[in-house]
Structure formats: structure tokens, C-alpha cells
Amino acid sequence: MADTLTITDNRTGKTYEVDIKDGTIRADALRKIKTSDDDFGLMTYDPAFMNTASCRSAITLIDGDKGILRYRGYAIEDLAEQSSYLEVAFLLLHGELPNEAQLRKWSHEVTHHTFVHEFLRKSMEGFRFDAHPMGKLVSMLGALSTFYPEAKKVRDDKTRREQIVRIIAKMPTLSAWAFRHSVGRPYVYPDNELSYCGNFLNMIFRMAEPRFEPHPVLERALDILFILHADHEQNCSANAARAVGSAETDPYCSLAAASAALYGPLHGGANEAVLHMLKQIGSVSAVPEFIAGVKNGSGRLMGFGHRVYKNYDPRAKVIKKLAHEVFEVTGKNPLLEIALELEKIALSDDYFVKRKLYPNVDFYSGMIYQAMGFPVEMFPVLFAIPRASGWLAQWQEMLQDPEQKIARPRQIYTGADLRPYVPMSNRATKPAT
Ligand code: ACO
């Protein structure tokens with residue numbers, strides 16, 4: 001049996017043989033299918049990349065039907081239980097878990113790049129008090145690129161690695177300061193004696209105490225949430241990091257673009273949207289009416305559904321369990337009852353069952369963040385911090401892939417044919433709609 005596809009073009013009667021590799025055909029193999037010599041050749045049309053692989057990747061595997069997520073071959077459940085976020089970041093970027101010496105060096109490097117230039121602190125002051133922290137993070141990532149002009153040397157291994165360390169190290173600092181600016185509290189500088197997550201909590205919550213002691217359960221819970229959010233293969237924001245990075249843009253600007261993509265309510269903004277939705281529902285008794293509204297098209301059940309998962313998102317399972325551990329320390333988030341009822345009703349309702357809509361990573365994470373004391377505006381920021389390691393791994397893999405070039409899709413032009421220019425005096429006076 002040949003691994004090929006035979007295509008007959010009924011316009012010409014010609015037959016073509018196209019190779020099949022890894023369950024795909026190459027879109028450019030279709031270009032030889034032409035009706036005449038000056039025909040451009042056949043293209044594929046795939047809005048929103050519903051059925052197009054844009055790269056080969058060895059980083060993350062998702063089996064959406066089975067609800068499987070693996071980083072570099074390791075099950076997400078094992079990593080969440082046994083690993084730390086910094087180990088996972090190393091794994092994503094290097095392909096292997098670090099040994100003891102490698103982890104010590106990696107943690108030391110990340111810890112010693114947590115400070116940011118004082119000018120960045122000053123530029124934070126340019127934002128209004130009510131600016132969304134995610135908008136600030138996007139801007140600060142772009143601003144960071146101006147401090148490291150050498151970052152443009154994206155093909156240089158050593159330079160690339162230096163920026164990777166800097167970005168992973170500085171994401172918590174920028175994020176915490178975006179929050180402190182919003183609430184008018186003085187910025188807290190990094191404490192290099194604390195863990196990655198411990199230090200982040202320090203920069204977020206420390207007030208007058210001489211030394212901030214993170215609660216070990218909350219510190220570990222945040223670390224687990226960071227592991228779960230670290231990568232998710234070719235999602236909207238990873239695609240943005242790769243697409244922008246394919247122009248050889250520096251990693252700070254590529255990650256600013258990725259963060260901007262993550263900000264959208266259909267992507268990383270969904271956990272914020274879930275909280276707003278739960279608040280709007282208000283009580284367990286109002287859940288059936290809300291579900292009926294969703295089914296009638298008055299809105300979506302936020303935190304449900306996924307482009308790839310057509311089963312329970314494995315991250316949501318870990319987070320649901322984690323929520324109970326966190327609530328033991330913080331007290332129960334009153335929205336939990338509403339969320340549990342929503343999940344129960346949705347999972348047994350034909351509308352959701354038929355469409356294979358299950359809770360995704362965002363359904364429960366917001367409630368944990370809220371119980372830990374984070375305002376909802378910080379939720380996408382809490383997603384962006386750990387996702388930085390995934391974006392960087394994707395960006396690096398793209399740069400090292402000899403098959404990749406500047407990302408530049410084709411289009412089907414649907415506009416006007418060539419027409420004569422209309423002088424101003426001859427144009428219609430009716431305003432354009
Ligand atoms: N609530 C109600 N109906 C939904 C939902 C939902 N959350 N999600 C999908 N559907 C319905 C659609 O209306 C559509 O129904 P139809 O076939 O009758 O028209 C069907 O399910 C398929 O939906 P699509 O929009 O085609 O699915 P797509 O893969 O494009 O969308 C997405 C995936 C954007 C995640 C969608 O499920 C959604 O909007 N969910 C809510 C937002 C959310 O939670 N986003 C977070 C995703 S996880 C992440 O990014 C980290």
C-alpha cells in the first residue's frame with residue numbers, strides 16, 4: 001500500500017499523485033494541479049487553521065479526543081504532581097528534565113535576572129490607574145526589547161538563551177508591578193531567596209512585613225497552576241509568537257504579540273470571563289435559566305469547549321482537585337457551588353454532550369486565583385507568566401526548523417476587479433457605511 005493520495009482534477013481529467021507523510025499532505029504539493037500554465041495552482045482554503053498543521057513540533061502533544069496532554073512525552077498529571085514550574089520550563093526549552101546540577105544552575109540564572117531596569121518602573125507610571133494589567137504587561141514586554149538591542153540576534157544561540165532566561169525571570173516582576181500600579185501600592189522588589197512562585201507572591205502581596213513568607217500550600221498551588229499553563233502546542237498565542245518571530249523579530253516583541261493574543265476572551269481571557277459569568281448568574285437556583293439562555297444563543301458558557309479537546313480537559317481535572325486544597329486554606333469561594341452546578345447540568349445536557357463541550361482549563365482556575373486574593377483583571381496575566389516558557393520553546397523551535405520561513409498565508413481575493421480611479425468631484429456624497 002503506497003503512502004500517497006491520487007487526485008483526479010475533473011476540470012482537466014489529469015491525475016496527480018501526492019505523498020502522504022504523518023497523516024498530512026503538503027499544501028504546496030497541490031500547486032502542480034493547474035488548468036493552464038499560467039494558473040497559480042491549487043491552494044487549500046482553511047480559515048482559522050481548522051485542519052492545517054503549520055509546523056512539526058516535538059514539544060507538546062495533545063490528544064483532544066482522549067483528553068491527553070504531554071510535555072516532551074511526560075503526562076501533565078505526572079508533571080503537576082511531581083515537578084516544579086522551573087523544571088517544566090527547562091523541559092519545554094531543552095527537551096529533557098534537568099538533572100540536579102542543571103536545575104541548580106537554571107534556577108540560579110532565572111533568580112538572578114528577576115530585576116528590571118528602573119526606567120521600566122518609571123514607564124509604568126505613564127499608565128492610568130485603571131489600566132488593565134494585561135495591557136500593561138503587553139506594553140512592558142515591548143518596552144523590554146528596547147533595553148536589550150542585542151536580542152535581535154535571534155539566530156545566535158548564546159544571545160537567544162540569554163533573552164530566554166531574562167524573559168522567564170522578569171515576567172513575574174513585570175506582572176506583579178502591573179498589579180501594584182493598579183492598586184496604588186509601592187512596588188516590591190524581587191526576593192532572590194524565595195522560589196519562583198514564592199517570590200511572585202511576595203511581589204504581589206507584601207506590605208510592611210520585613211520578610212514575606214508565602215503560605216506553602218498556596219505557593220505550591222500556584223506552581224502547579226503554572227505547570228498546567230506552561231504550553232499547549234499551536235494555540236492562538238503560540239501561533240502569534242511563531243508568526244511574529246518568523247520575521248526575526250526579537251523575543252520580547254514576539255512575546256508581546258503572544259500576550260496580546262492571550263488577552264482575548266476566547267483564549268486566555270476566558271478565566272476572567274468565567275468569573276464575570278458566575279457573578280452574573282449569582283445563585284445555584286439561577287443556573288438552569290442561564291443554561292437555557294446559552295442553548296438559545298444568548299451567550300456562551302465560558303470555560304467550556306475547546307478547539308482541540310473533545311473530552312474533559314486534563315488540566316481542568318487537576319485544577320478542580322487543587323481548588324479544594326486551596327479552599328482549605330483560603331476558605332471556600334462562594335462561586336464554587338454555582339460552577340459545580342453549571343458543570344453538572346451542562347455535562348448531562350444534550351446540547352453540550354452532542355457538541356462535546358467539557359470544562360476547559362479556565363473553568364476552575366479563576367476561582368482559585370480569586371480565593372488567593374488576585375483580582376479578576378490579573379487572571380490573564382497569571383496565565384501569561386508560565387506560558388512564556390511555552391511561547392519561548394515554540395519560538396526557538398520555529399527558528400531552528402530549517403523548513404520554516406516568514407509566516408505568510410495566502411488569500412482568496414474577493415474584492416473589486418480593476419476599475420478606473422474616481423476623482424473626488426465624481427464621488428457619491430452619501431457617507432460610506
Ligand atoms: N458555550 C455554548 N456553546 C458553545 C461553546 C460554549 N462555551 N463553545 C462552543 N459552543 C458551540 C458553538 O455555538 C457551536 O455550536 P453550533 O455547531 O450549533 O454552531 C459548536 O459548539 C462548535 O463551536 P465553535 O465555536 O465552532 O468551536 P471552536 O472550536 O471554534 O471554539 C472555543 C472553541 C473558542 C474555545 C469555544 O468553545 C468557546 O468560545 N468557549 C468559551 C470560551 C472559552 O472558555 N475559552 C477558553 C478556551 S481554553 C484556552 O484558550 C486557554
Side-chain angles (χ1 to χ4, degrees), residues 46-52 60 62-65 67-69 71 76 134 225-241 258-278 280-281 287-320 335 338-339 341-369 376 378-391 394:
D46 189 10
F49 301 118
M50 294 291 285
N51 194 36
T52 293
T60 292
I62 303 175
D63 183 328
D65 290 329
I68 286 174
L69 170 61
Y71 299 157
I76 194 68
M134 196 64 186
L225 285 161
F226 279 10
I227 291 170
L228 299 176
H229 285 85
D231 194 50
H232 213 227
E233 55 117 304
Q234 307 314 312
N235 55 83
C236 179
S237 56
N239 185 56
S259 306
L262 188 75
Y263 194 2
L266 296 190
H267 189 11
N271 51 12
E272 187 177 347
V274 169
L275 259 274
H276 290 309
M277 175 189 75
L278 294 174
Q280 184 206 329
I281 297 172
V287 168
E289 192 190 333
F290 180 80
I291 294 270
V294 168
K295 286 161 63 179
N296 289 333
S298 69
R300 290 203 160 188
L301 175 50
M302 301 311 285
F304 259 68
H306 199 275
R307 171 61 59 81
V308 181
Y309 291 117
K310 300 302 166 199
N311 201 324
Y312 213 101
D313 181 336
R315 301 167 299 174
K317 267 190 204 150
V318 179
I319 292 178
K320 191 175 172 184
L335 299 175
I338 302 175
E341 184 68 8
L342 269 176
E343 183 186 331
K344 197 177 93 199
I345 296 189
L347 290 184
S348 57
D349 189 297
D350 214 36
Y351 174 95
F352 297 90
V353 174
K354 240 173 54 201
R355 290 171 178 76
K356 297 187 176 165
L357 300 170
Y358 291 87
N360 61 46
V361 68
D362 289 317
F363 194 64
Y364 287 105
S365 61
M367 271 176 291
I368 301 186
Y369 292 141
V376 283
M378 278 298 283
F379 295 176
V381 176
L382 288 158
F383 193 153
I385 299 170
R387 184 53 65 87
S389 59
W391 290 331
Q394 299 284 347

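Just so we're clear, the structure is a prediction, and the values are computed from it rather than from any experiment. Remember, it's 1-based here, ligands and their atoms both numbered in the order they're listed. By convention here, the first residue in the shown sequence is residue 1.
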> Would you say the side chain of Lys356 lies within less than 4.5 Å of the side chain of Asn311, judging by non-hydrogen atoms?
Replying inline: no

> Atoms of ligand 1 less than 4.0 Å from Phe383 heavy atoms?
Replying inline: 51 (C)

> Near Asp362, which atoms of ligand 1 are under 4.0 Å from a heavy atom of that residue?
Replying inline: 46 (C), 48 (S), 49 (C), 51 (C)

> Can you check whether Tyr309 and His232 have ring centres sitting under 6.0 Å from each other?
Replying inline: yes

Any N or O of [X] closer than 3.5 Å to N or O of ligand 1:
X	value
His267	yes
Arg315	no
Gly303	yes
Leu301	yes

> Can you find a protein heavy atom closer to atom 26 (O) of ligand 1 than 4.0 Å?
Replying inline: no

> Any protein heavy atom under 4.0 Å from atom 22 (C) of ligand 1?
Replying inline: no

> Are Phe363 and ligand 1 in contact, using a heavy-atom cut-off of under 4.0 Å?
Replying inline: no

Please list the nearest protein heavy atom to [atom] with its residue and the distance rounded to 0.1 Å.
atom	answer
atom 41 (C) of ligand 1	Phe304 O, 3.4 Å
atom 18 (O) of ligand 1	Arg355 NH2, 2.9 Å
atom 42 (C) of ligand 1	Met302 CE, 3.4 Å
atom 10 (N) of ligand 1	Leu357 CD1, 3.7 Å
atom 29 (O) of ligand 1	Arg307 NE, 2.7 Å

>> For atom 38 (C) of ligand 1, which of the options Lys354, Arg300, His306 provides the nearest non-hydrogen atom?
In response: Arg300

